[in-house]
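What follows is a short report on a single structure.
Side chains included, hydrogens not; waters and symmetry mates left out as well; all remaining heavy atoms used. Because the structure is predicted, anything quoted here is derived from the model rather than measured.
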Amino acid sequence: MINLETPRKFRAFVNQAHQVAAEMLRPNSRRYDLAEHEYPVELDMLAAMVDGLGASGTGSGAGASGVRRTAAADDGVVNGSNLSSVLSIMEMCWGDVGLLLSMPRQGLGNSAIASVASDEQLRRFDGVWAAMAITEPGCGSDSAGIQTTARLDGDAYVLDGEKIFVTAGGRCDAVVVWATLDKSLGRAAIKSFVVMKDTPGMTVERLEHKLGIRASDTATIRFENCRVPVENLLGSADIDKGFAGVMQTFDNTRPLVAAMAVGCARAALELTRELLSEAGVQIDYDRPAHLQNAAAATYLSMESDWEAAYLLTLQAAWMADNGQPNSLQASMAKAKAGRTANEITLRCVELTGPLGYTEHHLLEKWSRDSKILDIFEGTQQIQQLIVARRLLGKTSAELK
């Protein structure tokens, strides 16, 4: 029998994450949405608490840094850091997605380091707040089009290029940069490098003004003759072993983004149900949807979509914990959760009318925040393409 309840060992931790979201993130949600680019000082205390939980072993997977593929146990079942991470992120994003993305030492770059770094690199970059830099002005979802170059020169790689839409790029300690060793080789030559923020030749050009997740800075970063120590290359320097290792990052980070979407959508559903109830609309789980009020029927449909996204996200994380290839499931979870969060948050605004459209409640904010969750870490269209390739057994060259 499949048990869909939260594993017992995570329940106290998940409850604690929910309490933090309710008492710290959500009360500050509107403030930092309006004060874009103002650093949320409240997060310093929260980050210190998360670090303490991780050090004590009681908060494994407290944030984005808690992902690393593990070997399966003898009995074939492991509930580890990946599942812990998605469960806690769901709770935190029930509070606020932008503030979660602004938490020190919990960036998507930390996930990349946790996914593919050597044990020595894990120790060396412990405590570093790392952002992720992939997207370029002429390259979005098609990573083969990356133009930023990395040229080996003695004991360092020299990086040249520009990265845009770098989440937490203005606040982080380091950036995980995707660059190519040889443009003519396409994806095979792409590697990722940890570049510390004080490295000469690395410049934060500007911070973007955005539709949503306004509490989180999004930066444009330029690299000009930027020398990065060879030991800061993540994974193998061998081109023949290159891109698969780099892409493994996505297998671990996409469930995290799916978890963000699940948490945000759940917040919208819960508030919408309260507002519908106040308006006299009752949702009856014992009656067919078509026999109920139209708003109630719509709500039941949204809730079923949400549950599908939730279960897909848990599956992708559980597979990573158990050493199982999860590229297909990670993309399915990201695609389903991203689209579902967009649809749910917008429909909740619609169902609640003026209350949902104004700043009286956070529904309009959640509808803005959710949009990015269907875009970054691979757009909806890219996820569907990956799913199709996996199901049909096609390569990227065969199915574009």
Side-chain angles (χ1 to χ4, degrees), residues 64-65 67-69 104-105 107-140 142-206 219-250 252-253:
S65 64
V67 291
R68 190 165 179 84
R69 191 168 296 276
R105 298 177 294 283
L108 291 172
N110 291 101
S111 297
I113 293 171
S115 297
V116 298
S118 66
D119 291 340
E120 183 277 330
Q121 288 173 326
L122 283 176
R123 290 189 294 270
R124 183 153 47 91
F125 296 127
D126 183 41
V128 169
W129 182 3
M132 180 91 86
I134 301 176
T135 306
E136 299 179 358
C139 167
D142 183 10
S143 52
I146 284 177
Q147 297 298 303
T148 298
T149 58
R151 172 175 53 86
L152 183 60
D153 182 21
D155 61 352
Y157 285 96
V158 180
L159 270 59
D160 288 283
E162 182 181 17
K163 295 293 183 178
I164 60 175
F165 304 142
V166 181
T167 300
R171 298 169 177 165
C172 61
D173 304 318
V175 179
V176 175
V177 181
W178 284 31
T180 178
L181 301 179
D182 186 340
K183 292 182 182 179
S184 67
L185 296 178
R187 290 184 175 88
I190 295 173
K191 303 290 181 180
S192 55
F193 304 82
V194 179
V195 185
M196 304 305 295
K197 283 287 285 293
D198 59 357
T199 305
M202 176 181 175
T203 306
V204 176
E205 294 284 321
R206 67 178 183 273
T220 292
I221 302 178
R222 183 175 296 279
F223 301 90
E224 293 181 316
N225 198 33
C226 181
R227 296 182 65 85
V228 181
V230 292
E231 57 267 25
N232 282 22
L233 182 148
L234 295 177
S236 172
D238 187 347
I239 289 179
D240 291 336
K241 300 178 181 179
F243 196 62
V246 173
M247 287 301 291
Q248 182 181 324
T249 298
F250 283 138
N252 283 349
T253 58

Search all heavy atoms of [X] against all heavy atoms of [Y] and return the closest pair with its distance.
X: G186; Y: I190; result: O-CG1, 3.9 Å
X: C139; Y: T135; result: O-CG2, 3.4 Å
X: A156; Y: V230; result: N-CG1, 3.6 Å
X: M132; Y: V175; result: C-CG1, 4.4 Å
X: T253; Y: S111; result: CG2-CB, 3.2 Å
X: A174; Y: M196; result: CB-SD, 3.6 Å

Residues in salt bridge (Lys or Arg N to Asp or Glu O under 4.0 Å) with [X], at least two apart?
X: E205; value: R222
X: D153; value: R227
X: R206; value: E208

With sequence neighbours excluded, residues passing side-chain contact (heavy atoms from CB on, under 4.5 Å) with A150: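 Result, side-chain contact (heavy atoms from CB on, under 4.5 Å) vs A150: Y157, L159, A179, L181, F193.
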Pairs satisfying salt bridge (charged side-chain N to carboxylate O under 4.0 Å, His left out), at least one member in residues 122-132, at least two apart: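 Sorted result for residues 122-132: E120-R124.
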For residues 166-179, which residue pairs qualify under salt bridge (charged side-chain N to carboxylate O under 4.0 Å, His left out), counting only residues two or more places apart or in two chains?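 Output for this query lists R171-D217.
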Could I get the full list of side chain to side chain donor-acceptor pair (under 3.5 Å) partners for [X], not counting sequence neighbours?
X: D160; result: none
X: E231; result: none
X: T180; result: none

Which atom pairs, donor and acceptor, lie under 3.5 Å between side-chain atoms of residues 161-169 and protein residues at least two apart or in another chain?
residue	atom	partner	partner atom	Å
K163	NZ	I134	O	2.9
K163	NZ	E136	OE2	2.9
K163	NZ	W178	O	2.7

Would you give the length of the straight line joining atom CG of N110 to atom SG of C172, rounded to the nearest 0.5 angstrom?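 These two atoms lie 9.5 Å from each other.
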Is there side-chain contact between V176 and S192, with at least one heavy-atom pair below 4.5 Å?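 V176 reaches S192 side chain to side chain.
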Using side-chain heavy atoms (C-beta onward) and a distance below 4.5 Å, is N232 in contact with F125?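 N232 vs F125: side chains touch.
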For side-chain contact (heavy atoms from CB on, under 4.5 Å), just list the numbers for V177 and M202, CA-CA rounded to whole Å, side-chain angles, deciding distance to a tenth of an Å, and then say yes or no. CA-CA 11 Å; V177 181; M202 176 181 175; over 6 Å; no
Would you mind listing every side-chain hydrogen bond (donor to acceptor under 3.5 Å, both in side chains) that reaches into residues 194-204, with sequence neighbours excluded?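 Of all non-adjacent pairs touching residues 194-204, none passes side-chain hydrogen bond (donor to acceptor under 3.5 Å, both in side chains).
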